[in-house]
Amino acid sequence: DSDRPIYKGNDVVEWYAVLKKKKSDGTLAAITGVSAEYRVTLPDGKVVQKGAVKVDEWGKCTGKFRAPPETGGFATIMLSVAGESHQANVLIKDYVKPSLLVEVMPDQSAVIFGAKIRGKIRSRYLYGAIPEGAEVEYEVYKGIYRKPEFEIRSEEKFFDIAGPARSGGRGDIVDQGRGTLDKDGEFDFVIKTSDEHKGSVFTIRATVIAKGAQNQEVDRGGGQSQVKVLAGGLVLSLRQDRFILQPAKPELLRARLIDLTEKPAAGQQLKIAVYQEKWKTRYEGTAKGEVEYTKVADLAAETDAAGVAEVPVTIAAEGHFQVTATAKDSAGNEISESVFYWVAGFEFALAGPALAELSVKADKRFYNPGETARFMITSALKGAEILLTAEGDRIYEHRLLRLNGNSSLYELKLSASHMPNVYISASLVADGRLVSSVLPVFVSPQSRFIKVEMQAAEPQYRPGEKVKLSVRTLN
């Protein structure tokens with residue numbers, strides 16, 4: 001092996017080898033007290049260095065050589081000892097700035113499933129010439145579409161709990177193709193979508209390869225773009241501030257609708273259904289179960305000029321509930337989104353066993369000093385005795401809690417001493433095993449936030465120029 005995976009011409013390449021042999025008991029022992037012959041061969045087949053190295057008491061030997069200038073490709077280091085030969089390759093390649101600019105230009109940034117994605121792949125040399133006849137290869141990857149969240153609080157950014165911001169990822173390949181650039185340096189593509197693609201984002205990655213008179217590659221460049229594949233012409237997002245509600249106490253659920261260009265969709269009707277969720281669980285070695293949903297309420301709302309609707313949700317019964325909002329676009333496509341709530345008082349007992357041995361859930365994403373945080377403690381062990389601790393730089397509180405059936409509520413009054421976070425730890429002993437669950441609780445230090453503003457003296461600079469910045473801080 002070598003100390004780096006890649007080197008430039010004229011760099012010193014330092015390599016090493018560790019020699020071991022297998023013993024009769026199957027373990028490995030270092031080979032010591034011998035010399036090893038080595039040979040370094042460049043990509044063109046020329047032997048740049050050869051000789052012998054001593055193997056130390058740990059079975060290790062080392063060497064180095066200088067890669068000649070303008071060397072490109074893999075150099076081979078061959079090592080021979082005790083009648084056996086082994087080799088490793090080292091990449092030697094100078095950085096060459098690409099001269100091909102490649103753009104992937106879909107006609108739309110979002111489509112409804114079933115529609116075709118059309119667009120162009122365009123390429124130019126950085127000095128302006130058109131690489132007519134260059135080869136084009138493209139692949140289309142299906143990734144997860146992350147809806148743009150709304151009303152992100154500064155605390156959520158600070159604690160990095162706002163949710164995934166980027167869509168995509170190198171998922172499954174759903175399409176690929178190849179061709180050549182026309183006289184305008186362009187190539188047209190068409191990509192089909194179907195029902196199985198809705199709720200995803202397609203990443204189109206293109207490579208343009210320019211070749212010389214002998215059909216050898218002389219340059220290449222790459223580019224990519226993304227297209228969302230959606231269930232309809234609207235995108236629906238829900239914002240819940242609490243996850244554990246008190247019976248019969250209203251909670252405000254906020255919904256937002258945007259169109260395919262991410263502009264607010266005003267005046268849209270929303271239907272909201274509240275379902276109670278119950279698990280029917282049986283045990284046959286491993287847990288199996290099915291969920292039964294019973295509708296308990298129907299609500300309605302309309303989006304305002306910002307595409308936002310506020311829906312007061314009041315649930316009198318205790319248990320686990322799913323709230324589903326539904327809208328329709330102009331073509332009649334139905335778009336739905338759901339959130340879940342626990343509704344529980346202090347006498348609430350979870351009906352049936354929990355799926356996890358021990359779990360702690362908070363009723364909010366983050367808290368402010370002075371608020372009372374509520375936690376749902378659940379366990380598959382009915383009536384279990386739980387050791388609860390609130391911990392930070394010290395143990396703030398500890399208590400023993402006996403579950404009411406398979407669940408119990410726990411409250412903690414938060415103060416400035418809990419900023420920026422405190423950990424709720426739950427532990428129990430089951431069958432001689434210690435089972436634990438730890439939940440980080442974020443307490444806003446917004447009162448201590450400092451706003452930092454930066455301003456450059458000039459809007460644009462050239463390479464080598466000094467940049468003057470002014471920095472202003474505000475409490």
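Under a cutoff of 6.0 Å and an axis angle of 45°, R205 and Y141 form a cation-pi pair. Annotation: cation-pi geometry satisfied between K60 and Y16 (NZ/CZ under 6.0 angstrom from ring centroid, within 45° of ring axis).
A salt bridge is absent between D107 and R118; no separation between the charged side-chain nitrogens and carboxylate oxygens falls under 4.0 Å. Here R178 pairs with E137 in a salt bridge; the nearest charged N to carboxylate O distance falls below 4.0 Å. A salt bridge links R4 with D11: at least one charged nitrogen is closer than 4.0 Å to a carboxylate oxygen.
Sorted by first and then second residue, the salt bridge (Lys or Arg N to Asp or Glu O under 4.0 Å) pairs involving residues 408-431 (not counting sequence neighbours) are R374-E411.
You'll find the side chain of T41 stays beyond 4.5 Å of the side chain of K46, heavy atoms only. Using a 4.5 Å heavy-atom threshold, the side chains of N10 and R66 count as touching. Residues Y145 and L230 are in side-chain contact: their nearest non-hydrogen atoms beyond the backbone lie under 4.5 Å apart. F202 has its side chain within reach of V229: a pair of non-hydrogen atoms, C-beta onward, lies under 4.5 Å apart.
For the residue pair Q87 / Y38, no side-chain donor-acceptor distance below 3.5 Å is found, with atom types taken as modelled. Side chain to side chain, Y341 and Q322 fail the donor-acceptor criterion of an N or O pair below 3.5 Å. With 3.5 Å as the limit, one finds no donor-acceptor pair spanning the side chains of S80 and E37.
Not one N or O on the side chain of T389 forms a donor-acceptor pair closer than 3.5 Å with the backbone of E391.
Between F189 and Y138, the angle of the ring planes lies from 30° to 60°, which puts this pair in the tilted group.
Here the closest heavy-atom approach between residue P131 and residue L181 is recorded as O-CD1, 3.6 Å.
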